[in-house]
2 protein chains.
Amino acid sequence: MYVGRMQLTRERIVAAAADLIEREGVTAISMRRIAADLGCAAMSLYNYVPSKEALLDAVAEYVMSGIQVEVAPDADWQDQVRAQARAFRQIARAHPRCTMVVVSRPNRSAAALRPIEQALGTLVSAGFGGADSIQVVRTFIAYVMGSLLREVGVAPSLTLPDELVHPDRTAGTGSPDPAEFPLLNSLANELRHRDHDADFEFGLDLLVRAVAELRPGTTTGTS
Amino acid sequence: MYVGRMQLTRERIVAAAADLIEREGVTAISMRRIAADLGCAAMSLYNYVPSKEALLDAVAEYVMSGIQVEVAPDADWQDQVRAQARAFRQIARAHPRCTMVVVSRPNRSAAALRPIEQALGTLVSAGFGGADSIQVVRTFIAYVMGSLLREVGVAPSLTLPDELVHPDRTAGTGSPDPAEFPLLNSLANELRHRDHDADFEFGLDLLVRAVAELRPGTTTGTS
DNA sequence: ACCTGAACACCGTTCAAGT
DNA sequence: ACCTGAACACCGTTCAAGT
C-alpha cells in the first residue's frame, strides 16, 4: 500500500510499520517493505530510526499509547481495576497482529508506564499498601498479557481446532486420542466454542474478588 | 558449538536448535547456523523438517515435553493445581531463552495437551463442572503464560531498570519523571527489587483461593 | 541535513546433481 | 534414501556519494 509522497517523519514511519504488520503480519515486515509503502529508499528510514529493533519498539509504544481507560470517576476501586484491565485488553481488538509485538518486547516508555501508574493509584487509594499494590498490578499484568496471547491465537491455549481432519485419526474430528485425552474428548464441544470476552471476564472476576478479600477492612473477607 | 559427526535425526536437529537458542538467543538461529553445529549442510535439515517454522514448533513441543508435574497423589485439588502451575513455570528456569518460542506459537502437540488434560482432571475430580473447569484452566494458562513472559524479561512489566542513567533525568536513577509518575517514583525501591518466585506465588494464591470460593460445597465460601 | 544506490554479509528455500 | 553445492530472491545495515 503506497501512501504517497510527503515529508518523512518518525511518526509516519512507525504508523506505516504498524499498518503493514496489521495488513500482512509481523513476519512480512522489512525495512525495504516499509520504505516501499512510504515511497522512499530503505536507507532513508535510518535517518529517523536507528534500527529495525528500535522501530518495533516504537510500534509497541505506539500501540500502548492507544490505551484509553474510561472510568466513571465515582466508581469504586474494583470497577476501576476492571476497566483498566479491559482497556489493556482492547489492544487485541484495535491491533490484533501488532499484539505480539507489544507483548514480546520490554517497554518502559511513558505510554507503557501511564496505565501502570494509574493502576497503582487506584489500589493505593483503595487502601492497599505499596508492596501489595505492586504485586497485585503484576498479577493483573501477567493475566492480561496471557489473555492477549490467547486471544490473538498465538500461544499454547486450551482449545481444539474447529474442524480439520487430524491426519492420523480415523474419526473426522480434530480431537486428540480419546485413550490418552478422555476429558479433552468428552469436552470437545465446549472447547471448540470459544468466547474471548467471557473467558477474559471469568478470570478477571476471579482476580478482582480475590484481591478484594486481601484488602484490610474488606466486608466480604473470610477472617 | 560443533557436535560432531553422527546420524542426522529429527531429534538431534531439534535439540541442536534448542541448544543454540539457549546459548545465543532466538534471533541468532538460522538453518545454516544449526547445520554448522551439526556438521552438515543447511539443506540436509530439510530431509527431517519441512521448514524453519516447523522446526521452531518442534522446539516448543520439545520444551513442553519436559514439564514434570510431581504431586503427592493424596494432595487435595488446590495443592495439585498449584503444583501443575509451578511445573509449567519451570520452563522459564529450564529453558529461559526458549520460553519466548514456547509462548509465541500455538501448540497442539500431545506434549502440550498432556498437562492440560491433567489439570482438567484435577478440577473435574474436585467437583467442578466441565464448562467451569475449562474456564478455570484457561485462566491459569493465561496467568502462567503472562508470568513466563515477565520472568524472561521480554514483556512489558512493572519494574524499573536496576541502575542506568536515564539520559534526560538529572538524578542518576532510572526512575521516570516524578511529576507524571509519582507512585512509580515513591515505590522505586520496591520496584527495583524483584522476586519472581514471590510474584508468581502471590498471583497463584489469589487465583487458587478465588477458584476455591467458586466450588460448590466449599467450606470457605461467602454464600 | 536529508536522501540514496551499490555493496556486504547474511537469510530460507528450490532444484538438480550427486552417492 | 539421504546428502549437498549452486542459485534465487530476499534480508539489515554500512558507506560513500549525491543534493
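Letters A, B, ... are given to chains in the order of the sequence lines, protein chains preceding strands, and every chain is numbered from 1. Note that the structure is a prediction, hence the values are computed from the model and not measured.
A cation-pi arrangement is absent between A:Arg10 and A:Tyr48 under the rule of less than 6.0 angstrom and at most 45 degrees off the ring axis.
A:Arg82 and A:Glu201 are not joined by a salt bridge, as no carboxylate oxygen comes within less than 4.0 angstrom of a charged side-chain nitrogen. Under a 4.0 Å N-O distance rule, the pair B:Glu180/A:Arg114 qualifies as a salt bridge. Taking a cutoff of 4.0 Å between a charged side-chain nitrogen and a carboxylate oxygen, A:Asp79 and A:Arg86 do not qualify as a salt bridge.
Taking the six-membered ring for Trp, B:Tyr143 and B:Phe200 have ring centres closer than 6.0 Å.
Applying the 4.0 Å criterion to OP1 and OP2 of D:dC2, one finds that B:Asn47 has every side-chain N and O outside that range.
Remark: the A:Arg108 side chain and the B:Thr159 side chain contain an N/O donor-acceptor pair separated by less than 3.5 Å. For the 3.5 Å distance criterion, the side chains of A:Glu61 and A:Asn107 fail to qualify, holding no donor opposite an acceptor.
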Does the protein touch nucleotides 7-19 of chain D at the base, only the backbone, or not at all? Give it as B, S and - per nucleotide, heavy atoms under 4.0 Å. B---BBBB-----

side-chain contact (heavy atoms from CB on, under 4.5 Å), that's the test. Do B:Met100 and B:Leu149 meet it? Break it down for me. CA-CA 7 Å; B:Met100 192 62 212; B:Leu149 279 175; 3.8 Å; yes

Writing each nucleotide of DNA chain C 5' to 3' as (, ), [, ], | or . by Watson-Crick or G-U pairing under 3.5 Å yields ||.|||||...|||||.||

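The side chain of A:Tyr48 lies closest to C:dC3 when the candidates are C:dC3, D:dG5, C:dT4.
At whole-Å resolution of the value, CG in B:Leu45 and C1' in D:dT4 are 12 Å apart.
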